Amino acid sequence: MNPTPIRGNSPQGDGNTAEGGASSNGVNQKFLKPYNPETTEDRVYESWMKSGYFNPDNLPARHTEPFSIVLPPPNVTGILHMGSALMIAIEDIMVRHARMKGMKTLWIPGTDHAAIATQSKVEKEIYQKEDKRRQDLGRVELLKRINEFADQSHTDIVNQLKKLGASLDWSREAYTLDDTRNFAVRTAFKKMYDDGLIYRGNRIVNWDPKGQTTISDDEIVYNEEKSKFYYFQYGPFVIGTARPETKFGDKYIIVHPDDARYSQYKDGQQIDLEWINGPIKATVIKDTAIDMAFGTGAMTITPWHSTVDFEIACRHNLDKEQIIDKYGKLLPITGEFAGMKISDARPKIVEKLKAKGLLVKEEDYTHNIATAERTGGIVEPQIMNQWFVNVNKKFKRGADEVSLKDLMKNAVEKDGIKIIPDRFEKVYFHWIDGLRDWCISRQIWFGHRIPVWYRGNEVYCDLEAPKDDGWTQDEDTLDTWFSSGLWTFSTLGWPAKTADLQMYHPTTILETGYDIIFFWVARMILMSKYLLGTIPFKTVYLHGLVRDEKGRKIAKSLGNNIDPVDMAKKYGVDAVRMGLIIGTGPGNDSKMGENKIRGYKNFANKIWNITRFVLTSAENFDYENKPALTEDDAKIVAEFDAILKDVSLDMDNFRFYLAGEKLYAYVWHEFADIIIEESKKKIASDDAPVKQSAQWTLFYILEQFLRALHPFMPFVTEEIWSDMPIKNKTLLMIEEWPTK
RNA sequence: GCGCGCGUAGCUCAGUUGGUAGAGCAUCUCGUUGACGUCGAGAGGGUCUCAAGUUCGAAUCUUGACGCGCGCACCA
């Protein structure tokens, strides 16, 4: 071997990934057997790893213009599913394509501690196996157990990512909870605190009684539920409610100022009336928030347990009383019902009101009940002292006064972040319009501890604990999305002014599922715009959900999960990737079945056999010396070049599903079925120019095709490439993308 | 309630600025011992959900209807 790589300083210059290799003048014996992904993939991935090319620092000199993507960090809650595999396939296609085009390409791997999701999963396991709760273990022991679990998940995830062929730069791997990222979180928190954008206050929050923590508005899942809607006599008014158990403290009756039915009552007027536990004094309040058309147009309010009521109460400076405790049980204010669970108390309360003659009527009613995404607990709004990010407060930014909301809006409206498909831009703006302050404190142990310390009435926020005595740190941790929001730059070393940050931020593309556009995409924009003053990425590409063959969501309860690694073992990763990509446009859900994958396994084998034919027909053929082409072959080459051009255009415009399909269709039904078939005569011909022209044409198409297909099916193409009789070649992964 | 998407061959979907419908799988027929863990040649199958409009021309643009799905808000 005498490796003289043409393009740069390849540490693995010979590019010979195959065992055995070709005989000096013959076709490698391995092409006589069908393509075997199982014995190929790990070896090929290993050769990529050894080459060092996943790390842009090691790429040859032609790679100059930076291209960067952060991997949406998988949660350390378990293993990857088909949806993750789709994400990997799309991103790896983008990354390999960019790398071949000569860009200094960086794809950063990492994992997400996923605070509440991980803790609740481990807690559940411990409870099931050992009948112990978090309090039984204590903070230190529980965290130890969670970290062990997270470590194992991390190992599994990394192995899966490698199995899927992801060309990630493992030397830059990050974790949302490691020291570098923790420092970034503390830095971000302090800056926002100092600017008054993070505050602590008694505000109404979403309380998850099951998880015993607050959650953000975005972590709520609404489920439709059938229940009863009751009408009660409330003095001269009739009020409606679906939640009688919250009505104990209700002493304000709200009507619309324009409602003629109640015009005889004045704002602030007091009325004595009989209520659940005896006579009370109620006050009439007039507020435009009320919907005159709904129910009787009159309602009582429970400010402690309703967001809307809370806002009304704040407007009119009304009393707020807690009725339900944080375990979902009624408090002493409810008298005889104290200590009862909501579900037990409700019918008894209705019974009592009925006995008192105050029940007017009841109706069937369907409404959405708020549940916690991770625990399934029924969310109970509560007023609590928590930490919030103020999204509306104006602050100085250059000459302007802006709010975080403004920053988020401007990023897409003015700074040119492009969202694909563009209809999600509307969704994004719509979300921002309705956005309220973001509750970021969580009463769980796994996560970034809030960098705030208390001593008596003193509050201290800094990167490190205060030096003097008597301080205790806030018990709470941060919403996991707070650290995820920093991901595009925390992974590059921020707040340190690193060379990576300089070179790779803003990142080129963010590729993720449309389901986390608010959770993650919006928060990254917020954080990057606020902390760095730049957008975090130029383009957002959103993919959809992978569903089962019948179009159902993948769910444990349905048992319809298809494990991408199982499929990869059976059909090869390349086939899995193609199956996921073809027919899957941005923003659309896709259906996944084994059939689809099987077809692409055959395709891998087809390419394998095409190679066998081409190499056998051109043994000892000198590819470097291009012969004069016959008219026929020149036409074939021109047509093929047009296909490549078309495919390149699709690649540049994120139409991977089309590019892949076009390559597939051309190679199988044009190249194999027609061009190769017709070449057989030419190659058997005694006419040397005809023969040589045909041989060169076949070789040329195969060679160019392997380059174009490599981002889609990296393993089989790299493996074939290693046996292509081409002088001075490198690994296919850094060969030039065919652009004509 | 506000907003978004989808409805094309039995199934899964393409159809990029409007030019008389395509692929894969499935079905059927024929062929194939030298590139093919199979492959090839061919066939059947669609009033592109419906209606109206714009246009020389509409699966594609506009409006409306019907059906399916999703997001957000939320009704006390």
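Model, not experiment: these values are computed from the prediction. Each chain gets a letter, A, B and so on, in the order its sequence line appears, and its residues count up from 1.
We find that CZ of R612(A) is positioned 8 Å from P of A35(B), with the value rounded to whole Å. Rounded to an integer number of Å, the gap from L32(A) CG to G34(B) P is 14 Å. The nearest whole Å value for the distance from the CD1 atom in I204(A) to the P atom in C74(B) is 12 Å. Between the CD1 atom of I312(A) and the P atom of C74(B) there is a distance of 13 Å, rounded to whole Å. Straight-line distance from the NZ atom of K681(A) to the P atom of G34(B): 19 Å, rounded to whole Å. Atom P of nucleotide C39(B) and atom CZ of R598(A) are separated by 12 Å, given to the nearest angstrom. Protein atom CD of E661(A) is 13 Å distant from nucleotide atom C1' of C25(B), rounded to whole Å. Atom pair F518(A):CZ and C4(B):P shows a separation of 14 Å (rounding to whole Å applied).
The separation of C11(B) from C72(B), taken at their C1' atoms, amounts to 33 Å, rounded to a whole angstrom. Nucleotides U20(B) and A58(B) place their C1' atoms 11 Å apart, quoted to the nearest Å. Between the P atoms of U17(B) and G1(B), the separation comes to 34 Å (whole Å). Comparing the same atom, P, in A35(B) and in A43(B) gives a spacing of 25 Å after rounding to whole Å. Nucleotides U8(B) and U60(B) are separated by 13 Å at their P atoms, to the nearest Å. On the P atoms, C39(B) is 23 Å away from G44(B), given to the nearest whole Å. On the P atoms, G19(B) is 15 Å away from U62(B), given to the nearest whole Å. Distance check on atom P: G10(B) versus U49(B) gives 13 Å, rounded to whole Å.
In this structure, F621(A) has its ring center no closer than 6.0 Å to that of F699(A). Aromatic pair W275(A)/Y234(A): centroids less than 6.0 angstrom apart. Aromatic ring centroids of Y262(A) and F237(A) lie under 6.0 Å apart. Taking the centre of each ring, Y666(A) and F640(A) come in below the 6.0 Å mark. Two rings, from H543(A) and Y541(A), have their centers 6.0 Å or more apart.
For A41(B), the base has no donor-acceptor partner in the side chain of E677(A) [N/O atoms by modelled type, under 3.5 angstrom].
Within the 4.0 Å cut-off from OP1 or OP2 of G24(B), at least one side-chain nitrogen or oxygen of H669(A) is found. Proximity of R655(A) to the phosphate of G15(B): no side-chain N or O atom is located under 4.0 Å from OP1 or OP2. In this structure, W668(A) reaches the G40(B) phosphate: one of its side-chain N or O atoms is under 4.0 Å from OP1 or OP2. Residue K596(A) places no side-chain N or O under 4.0 Å from the OP1 or OP2 atom of C25(B). Remark: K680(A) is in phosphate contact with A35(B), judged by side-chain N or O atoms under 4.0 Å from OP1 or OP2. Residue Y234(A) places none of its side-chain N or O atoms closer than 4.0 Å to OP1 or OP2 of A76(B). In terms of phosphate contacts, K606(A) brings a side-chain nitrogen or oxygen within less than 4.0 Å of OP1 or OP2 of G40(B).
Counting non-hydrogen atoms under 4.0 angstrom, V614(A) reaches nothing in the nucleic acid. Among the protein residues, Y657(A) comes within range of the sugar-phosphate backbone only, with heavy atoms under 4.0 Å from sugar or phosphate atoms but none that close to a base. Counting non-hydrogen atoms under 4.0 angstrom, N602(A) reaches the backbone sugars and phosphates but no base. Heavy atoms of N653(A) sit nowhere under 4.0 angstrom from any nucleic acid atom. Counting any heavy atom pair closer than 4.0 Å across all strands shown, A242(A) reaches sugar-phosphate atoms only and no base atom. Using a 4.0 Å heavy-atom criterion, one finds that G599(A) contacts no nucleic acid atom at all. Within the 4.0 angstrom heavy-atom criterion, base atoms lie near D291(A). In this structure, I290(A) reaches the bases: a heavy-atom distance under 4.0 Å links it to at least one base atom across the strands shown. Residue contacts for K247(A): at a heavy-atom cut-off of 4.0 Å it reaches the sugar-phosphate backbone alone, with no base atom in range. R436(A) comes within contact range of the sugar-phosphate backbone alone, with a heavy-atom separation under 4.0 Å but no base atom that close. Nucleic acid contact for I676(A): base, since at least one base atom lies under 4.0 Å from a heavy atom of the residue. Note on T302(A): nothing from the nucleic acid sits closer than 4.0 angstrom, heavy atoms only.
Heavy atoms of other residues, nucleotides or ligands lying less than 6.0 angstrom from NZ of K691(A) number 12 at most.
Under 3.5 Å, the side chains of W737(A) and S648(A) contain a donor-acceptor pair of N or O atoms.
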- With both pairing distances under 3.5 angstrom for Watson-Crick or G-U wobble, and | for a partner in another strand, the correct string for RNA chain B is (((((((..((((.....[..)))).(((((.......))))).....(((((..]....))))))))))))....
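Summary of the strand contacts: V427(A) and Y35(A) both lie near RNA chain B, and taking for each the nucleotide with the nearest heavy atom, the more 5' one is attributed to Y35(A). Heavy-atom nearest nucleotides on RNA chain B were determined for D589(A) and for D650(A), and the one closer to the 5' end corresponds to D589(A).
In this pair, F229(A) and Y231(A) present their aromatic rings perpendicular. The plane angle is above 60°, beyond the 30 to 60° band.
Distances were taken from every side-chain heavy atom of H430(A) (C-beta onward) to each of C13(B), A35(B), G71(B); the shortest belongs to G71(B). Of the candidate nucleotides U12(B), A35(B), A76(B), A35(B) has the atom lying nearest to any side-chain atom of I610(A). The M299(A) side chain lies nearest to A76(B) when the options are G5(B), U12(B), A76(B). Listed candidates were U16(B), C2(B), A76(B). Nearest to the side chain of L658(A) is U16(B).
Contact annotation: the side chain of I93(A) approaches that of I581(A) to within less than 4.5 Å [non-hydrogen atoms, C-beta and beyond].
Checking each of W668(A), Y664(A), Y571(A) against Y600(A) for a ring-ring contact (aromatic ring centres under 6.0 Å, His included) leaves exactly one that passes, namely Y664(A). Checked against D218(A) for a side-chain hydrogen bond (donor to acceptor under 3.5 Å, both in side chains), the options W431(A), W438(A), W481(A) give a single hit: W431(A).
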